[in-house]
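What follows is a short report on a single structure.
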Amino acid sequence: MVDRSPFVVVANRLPVDEVTTDTPGGRVTGSGDSRRRWRRSPGGLVTALHPVLVERHGTWIGWSGSPGDAPDPFELDGINLRPVPLSEEDLERYYEGQSNATIWPLYHDNVEPPVFRRRWREAYRVVNRRYAEAAAEVAAEGATVWVQDYQLQLVPAMLRELRPDLKIGFFLHIPFPPIELFMQLPQRAEVLRGLLGADLVGFQQRLAAQNFIRLARHLLGTPYHGNVIEYEGRQVKADAFPISIDVGEMQRLADNPLVRERAVQIRAELGDPKTVILGVDRLDYTKGIEHRLKAYRELLAAGRLSVPESVMVQVATPSRERVEHYQALRIKVEREVGRINGDFGRVGVPAVHYLHQSYSRSELAALYCAADVMMVTPLRDGMNLVAKEYVAARLEHGGALVLSEFAGAAGELRQAFLCNPHDLDAVKDALMRAVTVDEHEARRRMSVMQRHLRRHDVARWASDFLTELGAIP
Ligand code: GDG
């Protein structure tokens, strides 16, 4: 039996990974056959919420990462973890289906056509109820429950029905679409009512909060004043809380002598080019990887860039590999990489180093330190933390960020080289401006953006949200 908590986080995934080998740092939990080792997974969300969770004897509810029966609740680094079971079929329908093949593309401006399936919708409902029931069970009287992201949009209303005494917050990490797109969703009223179960609904950008408020009015006729919606005798606030990163962690990594040495080594391994251009993304069609590669190819073809003076490194972390859209994307990206290397590479000197792999935080930091230009060109992105990580890692190095106007981060990182990723010429121009910017100007831009990030890190994001929710004084 888990103790009841005054502070509960509900997210699709628990912030831990199971350790299968004797990796140092893994903690043993449970007893007998259920002895399993876990390690806290890196991530801004858990870093930001860790102090609050520890201080308040908090509980995190989520999936453990393995299909089938859930492990018993356990404690790790001062946080109570309450696993929710997901079967193979739940994963296929609720997670890969409704979450990642319906809602994900729809909320990202339909950059790929969303797929609508009735059985996915039903699975989404069933799984959301499971998370809501778990939260209702562990939350203490009058507790604060913070629900995270697009996989769990029905949880706030389900939870309110079970436990009207709770204070419920919801944060959406991805964009919230304009009315005309949202209206395509067959489950639209149910999703909207699900979100309206919260006391505070947080978005990455103000525009998203406005889309939500207008949608509620359009679909349910709910009156509103400012950012407060009147719904079923309650007030629901909708506001923007742009998420950020653990700036200190990234700066410490970038300052670590081993990471710096590795950055020098990476440049040497790339043949000490004049310009290293970097992309780091989950292999996702919203990230604009193909567009970026195409822009680079056209610049090479026109002789505005050349190999080996410039080289591109594209890390494309494997993601959602069982979803069809992602399989098709991988083929397209890899074809483009092959084409560029075929046309412009030489034996031992590729034009693009393509890495379909996952890296440690320190290797990522070394890549950020090694790159003169970082390309972040999503077609649509709630925020994009990679852009913020690059800026934080640059310390005194200068360097230039090419950033899509369609990433939430563009609202804050105004000194980046901004571009419209749908306009190939604009991407090419922004990339050339970043490649050729003089050092003084590059440092100036970087230091303005760093100052902004130091004041707006992920701890501030969490405390702004929880203060607005009335969960902290
Ligand atoms: C969603 C929204 C919003 C990437 N490769 C590796 C690795 N990463 C890390 C990055 C970064 C994170 O993953 C990716 O975050 P993004 O923000 O760039 O993108 P999404 O995954 O799409 O995140 C997004 C975010 O939620 C937060 O609200 O910003 O808009 O789509 O931290 O560094 N980390 C490691 N190895 C890798 O190979 N260790």
Side-chain angles (χ1 to χ4, degrees), residues 9 11-13 15 17 39-49 99-100 103-109 111 146-152 170-177 202-205 207-208 240-247 249-250 253-254 259 278-289 313-320 323 326 329 354-369 371 374-393 401 403-413 453 456-458 461-462 465:
V9 172
N12 173 57
R13 199 62 172 83
D17 291 313
R39 197 179 33 190
R40 213 160 100 195
S41 52
L45 192 59
V46 60
T47 311
L49 298 178
S99 298
N100 288 322
I103 296 166
W104 177 269
L106 185 76
Y107 282 28
H108 285 88
D109 285 354
V111 296
W146 193 359
V147 184
Q148 307 286 327
D149 226 357
Y150 64 101
Q151 304 92 349
L152 301 176
F170 180 91
F171 184 77
L172 185 70
H173 291 255
I174 68 174
F176 192 78
F203 299 90
Q204 302 276 25
Q205 288 187 278
L207 190 66
F241 300 87
I243 201 170
S244 193
I245 55 162
D246 183 352
V247 177
E249 180 238 21
M250 188 43 77
L253 274 176
V259 170
L278 176 67
V280 173
D281 312 81
R282 277 187 308 98
L283 185 50
D284 192 297
Y285 51 82
T286 60
K287 302 291 181 185
I289 302 171
V313 178
Q314 176 64 55
V315 174
T317 312
S319 182
R320 304 173 192 170
V323 179
Y326 290 76
L329 173 74
Y354 168 74
L355 304 153
H356 182 245
Q357 298 165 40
S358 261
Y359 290 94
S360 66
R361 295 298 293 163
S362 54
E363 182 71 3
L364 273 192
L367 282 163
Y368 293 146
C369 291
M374 180 85 210
M375 290 198 82
V376 178
T377 56
L379 305 175
R380 195 32 132 187
D381 216 331
M383 177 52 61
N384 198 294
L385 299 181
V386 168
K388 292 188 170 181
E389 287 167 359
Y390 178 71
V391 170
L401 172 66
L403 180 60
S404 161
E405 291 163 8
F406 294 93
E412 296 170 82
L413 305 178
L453 283 189
H456 297 88
D457 74 351
V458 71
W461 167 79
F465 185 93

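Just so it is clear, the model here is predicted, and its values are computed rather than measured. Both ligands and their constituent atoms are indexed starting at 1 by order of listing. Side-chain atoms are counted along with the backbone in the values below, which use heavy atoms only and exclude waters and symmetry mates.
Checking M383, Q205, H108 one by one against P175, the side chain to side chain contact (heavy atoms under 4.5 Å, CB included) holds for a single residue, H108.
In this structure the side chain of M374 never reaches within 4.5 angstrom of the side chain of V391, judged on heavy atoms. Side-chain atoms of E389 and R361, non-hydrogen and from C-beta on, do get closer than 4.5 Å to each other. Using a 4.5 Å heavy-atom cutoff, the side chains of Y150 and N100 are in contact. Counting heavy atoms from C-beta on, the side chains of Y359 and V280 never come closer than 4.5 Å. P378 places a side-chain heavy atom less than 4.5 Å from the side chain of N384. L283 has its side chain out of reach of Y326: every pair of non-hydrogen atoms, C-beta onward, lies at least 4.5 Å apart. Looking at L172 and Y107, their side chains come closer than 4.5 Å, going by heavy atoms from C-beta outward.
Within the structure, ligand 1 lacks Y390 among the residues with a heavy atom less than 4.0 angstrom away. Judged by the shortest distance from any of its heavy atoms, Y150 lies outside the 4.0 Å radius around the atoms of ligand 1. Using a 4.0 Å cutoff on heavy atoms, Q204 counts as a contact of ligand 1.
In terms of polar-atom proximity, W104 is not counted as a contact of ligand 1, lacking any N or O under 3.5 Å from an N or O of the ligand. Between R282 and ligand 1, a contact under 3.5 Å exists for at least one N or O pair. At under 3.5 Å, not a single nitrogen or oxygen of H108, backbone or side chain, sits near a nitrogen or oxygen of ligand 1.
Ranking the protein heavy atoms by distance from atom 38 (O) of ligand 1 puts Y359 N, 2.8 Å first. T317 OG1, 3.8 Å is the protein heavy atom nearest to atom 4 (C) of ligand 1. V386 CG2, 4.5 Å is the protein heavy atom nearest to atom 14 (C) of ligand 1. When hydrogens are left out, the protein atom nearest atom 17 (O) of ligand 1 is L385 N, 2.7 Å; that is the closest non-hydrogen contact. For atom 26 (O) of ligand 1, the closest non-hydrogen atom of the protein is H173 CB, 3.8 Å. The single protein non-hydrogen atom nearest to atom 19 (O) of ligand 1 is K287 NZ, 3.1 Å, given as residue, atom name and distance. Atom 33 (O) of ligand 1 has E389 OE1, 2.6 Å as its closest protein atom, hydrogens excluded (heavy atom only).
For the residue pair Q314 and D281, a side-chain donor N or O sits within less than 3.5 Å of a side-chain acceptor on the partner.
With distances taken over non-hydrogen atoms, the option nearest atom 9 (C) of ligand 1 out of R361, R380, K388, E363 is R361. Nearest-heavy-atom check against atom 8 (N) of ligand 1 across I245, L364, D381 picks out L364.
Protein heavy atoms all stay at least 4.0 Å away from atom 23 (O) of ligand 1. Remark: atom 11 (C) of ligand 1 lies closer than 4.0 Å to at least one protein heavy atom.
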For a side chain to side chain contact (heavy atoms under 4.5 Å, CB included) check, start with the C-alpha distance between V313 and L278, then their side-chain angles and the critical distance, and finish with the verdict. CA-CA 5 Å; V313 178; L278 176 67; 3.9 Å; yes
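Under 4.0 angstrom from ligand 1, the non-hydrogen atoms of I243 all belong to its side chain. At a 4.0 Å heavy-atom cut-off, ligand 1 touches Y368 through the side chain alone.
The ligand atoms of ligand 1 that sit less than 4.0 angstrom from a heavy atom of G382 are 30 (O). Those atoms of ligand 1 that come under 4.0 Å of a heavy atom in M383, given as number and element, are 3 (C), 24 (C), 29 (O), 30 (O).
At least one donor-acceptor pair closer than 3.5 Å links the side chain of D284 to the backbone N or O of T286. Under the 3.5 Å distance criterion, the side-chain polar atoms of D457 are left unmatched by any main-chain donor or acceptor of V247.
Aromatic pair F171/W461: ring centres closer than 6.0 Å.
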